[in-house]
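The next block holds one structure in the form of structure tokens; read it before the comments.
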Amino acid sequence: MKYLGLLIAVLILSCSDGRVGGRKVLIAKIDSLEKELKNMYKPGFGEMMSGIQRHHTKLWFSGINKNWKLVGFEIHEINELLEDLGKYQSSRKETRLLHMISPYIDSIKATIESKDVNDFKQKYTRLTNMCNDCHIKTKYEFIKVTLEFDSYTCKTTI
Ligand code: HEC
């Protein structure tokens, strides 16, 4: 009986002591962290595409002006954004098609060595067509990136 009393006392203590309270605090903390994570800023698909568009434009001007170092830099920036898309927009089904673009970007890399502007223009045009192919495949065909002579325009129409 002496021991039973002791056991009950231990049980009461363990129920009312910091462990239960601590668990409650932990659960509350996890809940609030989950809420914080949900509300954390995450760049949107279209937002990152706009970033890609900016570097894609700059890529054109760096190529036709034979700034090959800048060509390399802009390619790097596009690749970085594509990686981010894969990371932050992994739940979007369109993300699965992103790999389509890599061979076209890689082909432009070769012109950094050859310093061949005409080859650059051809490869850039193929890359741009590929951007539009993906827009068509993903039912965003109204987002059409167009090239006009040596100037560049991006027409996004709804
Ligand atoms: C994996 C397919 C895919 C590829 C490849 C792709 N896009 Fe997109 N793009 C999309 C989708 C999907 C959207 C619509 C995103 C959204 O939900 O806002 C989009 C949207 C855009 C937009 C509109 C952004 C806005 O919010 O106004 C631009 C501009 C754009 N893309 C440019 C490009 C350029 C330039 C390339 C090539 C260098 C490219 N895209 C390659 C799928 C793709």
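Indexing begins at 1, ligand by ligand and atom by atom, following the structure's order. Bear in mind the structure is a predicted one, so any value in this text is a computation, not a measurement.
- Closest N/O/S atom of His135 to atom 8 (Fe) of ligand 1: NE2.
- Distances from atom 26 (O) of ligand 1 to the heavy atoms of Gly51, Gly46, Cys131 show the closest one on Gly46.
- The residues Asp119 and Lys123 are annotated as salt-bridged, a charged nitrogen and a carboxylate oxygen being separated by less than 4.0 angstrom.
- Under the 6.0 Å distance and 45° angle rule, Arg126 does not count as a cation-pi partner of Tyr104.
- Distance check for Thr138 against atom 8 (Fe) of ligand 1: none of its N/O/S atoms falls below 2.8 Å.
- The side chain of Ile52, and not its backbone, has at least one atom closer than 4.0 Å to an atom of ligand 1 (non-hydrogen atoms only; side chain from C-beta on).
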Please tabulate, one pair per line, all N/O donor-acceptor pairs under 3.5 Å involving side-chain atoms of residues 76-91, not counting sequence neighbours.
from: His76; atom 1: NE2; to: Glu80; atom 2: OE2; distance (Å): 3.2
from: Gln89; atom 1: NE2; to: Pro43; atom 2: O; distance (Å): 2.9

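- Glu36 places no side-chain N or O within donor-acceptor distance of the main-chain N or O of Leu33, the cut-off being under 3.5 Å.
- Counting atoms of ligand 1 from 1 in the listed order, those under 4.0 Å from a heavy atom of Ser50 are 24 (C), 25 (C), 26 (O), 27 (O).
- Glu141 and His135 are not linked by any side-chain donor-acceptor pair at a separation below 3.5 angstrom, with hydrogens and angles left out of the test.
- Residue-level proximity to ligand 1 for Glu94 is carried by backbone and side chain together, each with a heavy atom below 4.0 angstrom.
- Looking at Arg92 against ligand 1, only its side chain comes within 4.0 Å, counting heavy atoms.
- With sequence neighbours left out, Lys137 forms a salt bridge (charged side-chain N to carboxylate O under 4.0 Å, His left out) with no residue at all.
- Counting heavy atoms closer than 4.0 Å to ligand 1, residue Ile101 contributes side-chain atoms (C-beta onward) but none from N, CA, C or O.
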